[in-house]
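Order of the sequence lines fixes the chain letters, A, B, ..., with proteins taken first and strands second; residue numbering starts at 1 for each chain.
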Amino acid sequence: MNPQEYFTIFTARLAGPARGLELAKSSRNLQLAAVNFRQLFKIHMMCGLIKWRLQENPASHFEAAIRLTAEATATLTEWEPSFNILEGLPLARTSLLASLIDATFYFPEVDNSVLPIDVRLDCLLACAVPSANVKAEAGALIGELRDGKRTALAAETYENLFDILANRGNSDRLGELMKKGDALYAKRSRDAFFSGGDQTEGGGPDNALVVDYRLALALKKVGHQSGSVHAWVW
Amino acid sequence: MGVVAGLASAAIDAYEGEYGMAALSLASMVPGLGAIRLAERGAAAAGGLGLKNLGNWLGYRAFDNFVDSSVGYRAFDGFLGNSVGYRAIDNIASNPALGKIVANSAERYGGLTQRQALLNQVSDASSISEAKGVVHAFREMKGLGYQLEDVSLKYRGNQGLDLVFTKNSQHAIVEAKHGKYLSSLDTYKGGLRQGSLDYNISRLERYLDFGDGKNSDFANRLLNDAYSGQLESFATLYRGQSTYELPIGWPKNAFAIKR
C-alpha cells in the first residue's frame, strides 16, 4: 500500500473510537472516554503526518487533534475533577503540534516528573526558546534516557534536537545537525523503542509513512530552511 | 573468562557444532549456566527454527504435565533443558503414532482443538523462555475459564500480540511473560506500555496494516470490542507464578488486579 491508501484507511478508522466515545459519554465511563479520546487524537495526528509525508499541508488534521485534547480535558475534568489528565491525555504531543502550527494550547503548570523521560523532554522541547544554554536544561533527562533500556537512539535523537536549538544562527552547523536528524529518524525503522510506540513515532514499518515532527519543530524554532521531508514548510 | 563461564561457553559452541550430546552433558554439570540457555542457543543455531523440531514421547509427556499441574513446571523445565526435549513439541501433533496418547490426554487441555491451538502457539515461540510463558498463560487462563483462540495476530515476524482467549464471547488479550513481575511488561516511546488497552489497540491496528491479513476480520472485531470497553487484558508471569487482570486505564489511571 502507498501512503495515500494508508491515509484512506486511517480516515476510516476514526469511526471506531468515535462510536466508543459516544458510548462512554452516554454511560459517563471515564476511562473508556479517555481511551477513545486518545485514539481519536492519535488517528488525527497520524492522518496529518501521512499528509505531510505526501507533501500536503497537515495543519487541519493537527488542529483537529489539538481540539480533541482540549475537549477531552474539559470533559473528563468536568466528570471527575481529580482525573489524572497529565498521564491520561497526550498533553506533550499536543503541545508539540500546537507549537508547530502556532496554535494555542494551555499545558497545565504541574509537576511532570511522573511522566516518562522522553515525554518530559517533549514538554521541554515544546516550550523551549532557542539559546546557547538550552541544552543544559535537557541534559540530565537525556542522560537518564541514555541509561534506559533500549532508549539509546531516543537519547541521541533528543540530544540532536536540543543541539539544534543551541545553534541558532549557525547555518553550517544546523545543516549538519539536520542531516544527522534525518539519519537518526531512518534508524527508527529498526529500533525497538520507537517501533513499539504509537505509529505517529515513525518506528518499524511506519518509518516510511510519517515524518519526524520534532525535528521539524526544532528547525522551525531556529528558522532553518531546508528541503528535507521533515521540514515544516507551511 | 572464569572457569565456569568458559566451560559453558565451550559446551554451547560444541553443541552448535558436531558434539551435541556430549556437550549438553557437560553443560548440564555447569552450575548456574544450565541447559535452558544451552537449548536456547541451540534453537538459535538451528537457523531460527525455534521449537520446530520438538516432537517425541518424552517431550510430549513433559508438555502435558506442565499444562496439567504445578509439579509439571519442573518437568517442563527439565524437558526443555535436555537434548531430547529440545527436539520435542512441534511434531507431537503431526505424528500419527502419538495420536492415541493425544486423544487420551486431550481433556486436560479442554479438547483436541485446544491442545492443537496451544501447540501452534508454542511452535511459533521464538525462544524457550517465550514458550514457557505461553504454556503458563494457557494454564492460567484455562483455570479462569477461558479458551485459547488458534490465531496469530503477528506482523513483521514475531511482533504483535501474544495470545487471545475467549470466555462466553468475551475476548481477552494476554501478554504471556516469562518474567516474575509486572515490570516485565515493556514501555515504549511515549509511555505506551505492554498490556494496556492503548497498546493492544496499537498492535491490532498494526496487524491490520502490516500483517498477513488472514485474521483481519477477527482483528477488526477485537478493535471494536476495545473501543467499546469490551476487550479484556491480562498479563501472566511464568516466574512469578501469577496472573493479573489489567483494567481499562491501567497503568496510569487504574491498578492491576491479581487473579
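By the neighbour-count criterion of 12 heavy atoms within 6.0 Å, atom NZ of A/Lys25 is densely surrounded, having more than that number from other residues, nucleotides or ligands. The number of heavy-atom neighbours closer than 6.0 Å to OH of B/Tyr181, taken from other residues, nucleotides and ligands shown, is 12 or below. Atom NZ of B/Lys214 is surrounded by 12 or fewer heavy atoms from other residues, nucleotides or ligands within 6.0 Å. By the neighbour-count criterion of 12 heavy atoms within 6.0 Å, atom CG of A/Asn2 is densely surrounded, having more than that number from other residues, nucleotides or ligands.
The minimum heavy-atom distance between A/Gly88 and B/Asn253, with the atom names listed, is CA-ND2, 3.6 Å. Pairing each heavy atom of A/Gln31 with each of B/Gly249, the nearest pair is OE1-CA, 3.5 Å. The minimum heavy-atom distance linking B/Gly191 with A/Asp118 is given by the pair N-OD2, 4.4 Å. Pairing each heavy atom of A/Asp122 with each of B/Lys189, the nearest pair is OD2-NZ, 3.9 Å. Of all heavy-atom pairs spanning A/Asp198 and B/Ser202, the tightest one is OD1-CB, 4.4 Å.
Among the candidates B/Gln159, B/Arg203, B/Arg156, B/Lys252, the residue making the largest number of heavy-atom pairs closer than 4.5 Å to chain A is B/Arg156. Of the residues considered (A/Arg93, A/Arg19, A/Arg38), A/Arg38 shows the highest number of contacts with chain B, using heavy-atom pairs under 4.5 Å. Chain A forms the most heavy-atom pairs under 4.5 Å with one residue out of B/Leu223, B/Asp198, B/Asn224, and that residue is B/Asp198. Most heavy-atom pairs under 4.5 Å with chain B: of the set A/Gly148, A/Pro116, A/Ser195, this distinction falls to A/Ser195. With chain B as the partner, the residue from A/Phe194, A/Phe10, A/Tyr6, A/Phe193 showing the most heavy-atom pairs under 4.5 Å is A/Phe193.
Interface residue A/Glu201: only side-chain heavy atoms are found under 4.5 Å from chain B. Contact annotation for B/Gln194: neither backbone nor side-chain heavy atoms come within less than 4.5 Å of a heavy atom of chain A. Within the 4.5 angstrom heavy-atom criterion, only side-chain atoms of A/Leu209, from C-beta onward, approach chain B. For B/Ile248, the parts lying under 4.5 angstrom from a heavy atom of chain A are both the backbone and the side chain. For chain B, no part of A/Ala15 is nearby; none of its heavy atoms comes within less than 4.5 Å. Of the two parts of B/Thr187, only the backbone, made up of N, CA, C and O, holds a non-hydrogen atom closer than 4.5 Å to a non-hydrogen atom of chain A. There is no contact between B/Arg193 and chain A, counting heavy-atom distances below 4.5 Å.
Residues A/Arg13 and B/Leu208 are in side-chain contact: their nearest non-hydrogen atoms beyond the backbone lie under 4.5 Å apart. You'll find the side chain of A/Asp206 reaches within 4.5 Å of the side chain of B/Phe210, heavy atoms only.
The CD atom of B/Gln230 lies 8.0 Å from the CG atom of A/Leu23; values are rounded to the nearest 0.5 Å. Separation of atoms CE (A/Met1) and CG (B/Asp209) is listed at 6.0 Å; rounding is to 0.5 Å. Residue A/Arg150 holds its CZ atom at 4.5 Å from OH of B/Tyr188, rounded to the nearest 0.5 Å. Of the inter-residue distances, the one linking A/Lys42 atom NZ with B/Glu205 atom CD reads 3.5 Å to the nearest 0.5 angstrom.
At least one donor-acceptor pair closer than 3.5 Å links the side chain of A/Asn36 to the backbone N or O of B/Tyr227.
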